[in-house]
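Before any comments, here is the structure.
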Amino acid sequence: MDGPILQIRDLTKTYKGGMQALAGVNLDIRRGEIFALLGPNGAGKTTLIGAVCGLLRPTGGTIEAFGQDVQRHWRSVRRRIGLVPQELSFDMFARVDHSVTYSRGMFGCAPDPARIEQVLRSLSLWDKRKAKIRELSGGMKRRVMIAKALSHDPELLFLDEPTAGVDVELRRDMWRQIDALRENGTTIILTTHYIEEAQEMADRVGVINKGKLLLVDDKATIMAKLGSTEARIELAQPLADLPPALTPYQVSLERGGRTLVYRGGDGSGKGKREAAAVIKALVDHGIAFEAIETRESSLEDIFVDLVERGEVTA
Amino acid sequence: MNLRGALAILTNELARFFRTAFGSILSPVLTTSLYLVVFGAAIGSRMDPAQFGGSSYGAFIIPGLIMLTLLSESTSNASFGIYMPRFTGAIYELLSAPVGVAETLIGFVGAAAAKSLIIAAIILGTATLFVDYEIAHPFYAVGYIVLVAAAFSLFGFILGIWADGFEKLQIVPMLILMPLTFLGGTFYSIDMLAEPWRTVAQFNPIFYLINGLRWTFTGTSDVPIALAFGLTLAFVGLCVAVVAFIFRTGWRLRD
Ligand SMILES: Nc1ncnc2c1ncn2[C@@H]1O[C@H](COP(=O)(O)OP(=O)(O)O)[C@@H](O)[C@H]1O
Ligand SMILES: [Mg+2]
C-alpha cells in the first residue's frame with residue numbers, strides 16, 4: 001500500500017457560466033501526510049475538494065482514491081473520506097448528538113454511542129451534546145462540523161479553510177486536533193489562505209492559483225529553495241565601497257552607503273549563519289554600526305511571489 | 001445498497017416532522033374538517049344522493065378531500081425536505097456520503113409519504129365526526145392511498161430539486177395541484193357537467209386519481225378503475241425515472 005492515497009490527473013472543471021475553476025490539476029497525496037493547499041480566494045481550492053468528495057462532477061480528468069476511481073467506485077470510496085466544508089451548514093434546529101449520529105448512519109456505519117461520545121469529547125462538545133446547534137457559538141458550530149466528518153472514522157479528511165474566521169485560541173486548539181488526527185494515521189488535506197497555518201501544520205504544501213497548481217513540495221524544501229534571510233545593518237559612518245572581506249557574501253550598500261544589506265540563504269539556516277559572518281567581518285575590520293535588523297522570508301513572501309509570477313505567465 | 005444510510009435519513013426526516021408535528025397536522029385537519037362541516041353536513045344534507053351514485057354528498061366528497069390532502073402534503077413535505085438542505089448547504093453531506101438513488105428515495109420520499117399518510121389517517125378519523133361513510137374496498141383503498149402518497153412525494157422531491165427559490169416550491173402546489181384537484185371532481189360528479197366541460201375535465205389527470213380513490217370508498221366511479229390505477233402507476237414510474245436521471249447526471253445537485 002505504498003501508492004498515493006489520492007491521485008488526481010488532468011482534473012478540469014468549468015462551471016456552467018463558463019468559469020474555468022480548475023485548469024488541469026495533477027496531484028498525488030501520500031498516505032498519512034498533512035497537505036496544505038494554499039491559494040488566494042477564488043483559486044479553485046473548494047472546487048478541487050468538491051470534485052474529490054462528490055459534490056460536483058468534474059469536466060475532465062480522473063481521480064483515484066485508495067487506488068479506486070472515485071466515480072466508478074463511489075460507494076466504497078466515499079465511506080472512507082470525510083469532509084468539513086468551508087461554510088457552516090447544517091440543520092440548525094437539530095441537537096448536537098443527533099446531528100453527529102445522523103452523519104455516522106448516513107455513511108453506513110453501525111450505531112456506536114461510545115465512538116460518538118469519544119468524538120464529542122475530543123472536540124470538547126460532550127457537555128453541549130444536548131444543545132441545539134443554533135444555540136452554540138461560531139467556534140463550537142465549527143467543531144460540530146468536524147465531529148460530523150469524524151463520526152465515520154475517515155482515512156482521508158478534507159478540511160476546507162478550517163480556521164477561517166476563528167479566533168487565535170481556537171485556531172491553536174484546532175491545530176492540536178489536526179495533529180492528534182495525524183497521530184492516528186488520518187491523511188489530511190486542508191486548504192487555507194493563512195500561510196501561517198500551512199507553515200505550522202503541513203508536511204507538504206501546494207500553491208494553487210487560477211485553477212493551476214503552481215508548485216507542490218515539502219514545506220522544508222520550499223523554504224530551502226525559495227526562503228531567504230535579509231539583514232540590514234545601519235552603519236555609524238557611510239561607506240563608499242564594500243570592504244574586500246565582504247565580497248564572498250551577497251551584500252550591497254543602500255541609502256548612500258549608510259546601510260549594508262545582506263540577502264541570501266535558503267531558509268535552512270545558511271542565511272542566518274552568513275549574516276552572522278558578515279557582522280563578525282564588520283567587527284574584525286573595525287567598521288562600527290548602530291543597529292541590525294534581520295528578517296526571514298516566510299511562505300507568505302514565497303506565495304505572493306509565486307502568485308504574482310504565475311499571473312504574469314498565465 | 002447502504003441500508004443504514006437510508007434508515008438514518010428516514011428517521012432524521014421523521015424526527016424533523018415530529019418536532020413540528022402539531023402545526024403540520026393541525027392545519028390540514030382543520031381545513032378538511034371545515035369542508036366537511038360546510039359541504040358535507042350543511043349543504044350536503046340538501047343534495048340528492050341519486051346524483052352521487054347513491055352515497056350521501058358528505059361521503060361522496062371524502063375521497064376528493066383525502067386526495068387534496070395527500071397531493072398537497074406529499075408534494076410540500078418532499079419538496080421542502082430536499083430543498084432545505086440545498087438552501088442551507090447541508091446537502092454537502094448527502095452528496096459526499098455513500099448514498100444513491102435507492103437510499104435517497106427510501107429516506108426522503110419514504111419520510112414524506114409517511115408524513116402525509118399519518119395526516120390522511122387522522123383526517124379519515126376526524127371525518128367520522130361529521131359524516132357517515134363506509135369504505136367499500138378497504139384493501140384497495142389503503143393500497144391506493146399509499147401509491148398516491150408515494151407518487152406525489154416523488155413528484156415533490158423532483159420539485160424540490162428543480163426549485164431555485166421558495167416561491168417555486170409554493171407555486172406548483174398552489175397554482176397547479178389545488179385548481180386541478182378542485183376541478184377534478186372533488187365536489188361534483190362529471191355527469192353534472194355540460195359539454196364541453198365534461199370532455200375538458202377528462203384531460204385533468206387528477207380527475208382519474210380522485211375517481212380511483214372514490215371507487216375504493218363508494219364502489220362507484222366516473223372512470224374505469226383499471227385506468228385510474230394504471231395512470232397512477234405510470235406516474236410513479238415516470239417520477240422514478242426522472243429521479244434516476246437526476247442522480248445519473250447530477251442535474252441541480254452536482255453542477
Ligand atoms: N457553483 C459555481 N458556479 C460558478 N462558478 C463558481 C461556482 N463555484 C465557484 N465558482 C467560481 O470558481 C472559481 C473557484 O472557486 P473556489 O473553488 O470556490 O475557490 P477557492 O475555494 O479557492 O476560494 C471562482 O472564480 C468562483 O467564483
Ligand atoms: Mg473556498
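Numbers restart at 1 for each chain; the letters A, B, ... are given by sequence-line order, proteins then strands. Please read these numbers as outputs of a predicted model, since none were measured by experiment.
The greatest number of non-hydrogen atom pairs below 4.5 Å with chain B, out of A:Leu56, A:Leu55, A:Val52, is found for A:Leu55. Put simply, of A:Ser103, A:Ala110, A:Gly82, the one with the most heavy-atom pairs under 4.5 Å next to chain B is A:Ala110. Most heavy-atom pairs under 4.5 Å with chain A, from the set B:Pro85, B:Ala97, B:Ala8: that is B:Ala97. Counting heavy-atom pairs under 4.5 Å between each of B:Ser96, B:Gly5, B:Ala90, B:Gly250 and chain A puts B:Ser96 at the top.
Formation of a donor-acceptor pair under 3.5 Å by the B:Asp255 side chain with backbone atoms of A:Tyr15 is not found in this model. Looking only at distances, no side-chain donor or acceptor of B:Arg4 sits under 3.5 Å from a matching main-chain atom of A:Gly105.
Using non-hydrogen atoms only and a strict 4.5 Å limit, the part of residues 129-151 of chain A facing chain B consists of A:Met145, A:Lys148.
The number of heavy-atom neighbours closer than 6.0 Å to CZ of B:Phe229, taken from other residues, nucleotides and ligands shown, is above 12. Within a 6.0 Å radius of CZ in A:Arg72, no more than 12 heavy atoms belonging to other residues, nucleotides or ligands are found. Annotation for A:Lys13: atom NZ counts as buried by contact number, over 12 foreign heavy atoms lying within 6.0 Å. Around atom CE of B:Met1, more than 12 heavy atoms belonging to other residues, nucleotides or ligands sit under 6.0 Å away.
Taking every heavy atom of both residues into account, A:Arg57 and B:Phe247 meet most closely at NH2-O, 3.4 Å. The minimum heavy-atom distance between B:Pro98 and A:Arg79, with the atom names listed, is CG-CG, 3.7 Å. In plain terms, the two heavy atoms of A:Asp91 and B:Arg16 that are nearest each other are OD2-CD, 3.8 Å. Contact record, B:Thr88 with A:Ser89: O-CB, 3.1 Å, taken as the closest heavy-atom pair.
Qualifying salt bridge (Lys or Arg N to Asp or Glu O under 4.0 Å) partners for A:Asp112, counting only residues two or more places apart in sequence or in other chains: none.
Contacts of B:Thr11 with chain A are absent, with no heavy-atom separation under 4.5 Å from either backbone or side chain. Proximity to chain A is absent for every atom of B:Ile91, based on heavy atoms less than 4.5 angstrom apart.
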Open item on the list: Show, in sequence, the C-alpha distance, side-chain angles and deciding distance for A:Cys53 and B:Tyr92, and conclude whether the side chain to side chain contact (heavy atoms under 4.5 Å, CB included) test is met.
Closed with: CA-CA 9 Å; A:Cys53 294; B:Tyr92 83 86; over 6 Å; no

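In this structure, CH2 in A:Trp74 is found 11.0 Å from CG in B:Leu95, a value given to the nearest 0.5 Å. Between the CZ atom of A:Phe107 and the CD atom of B:Glu93 there is a distance of 6.0 Å, given to the nearest 0.5 Å.
Contact of the B:Ile9 side chain with the A:Tyr102 side chain is registered, since non-hydrogen atoms from C-beta on lie closer than 4.5 Å.
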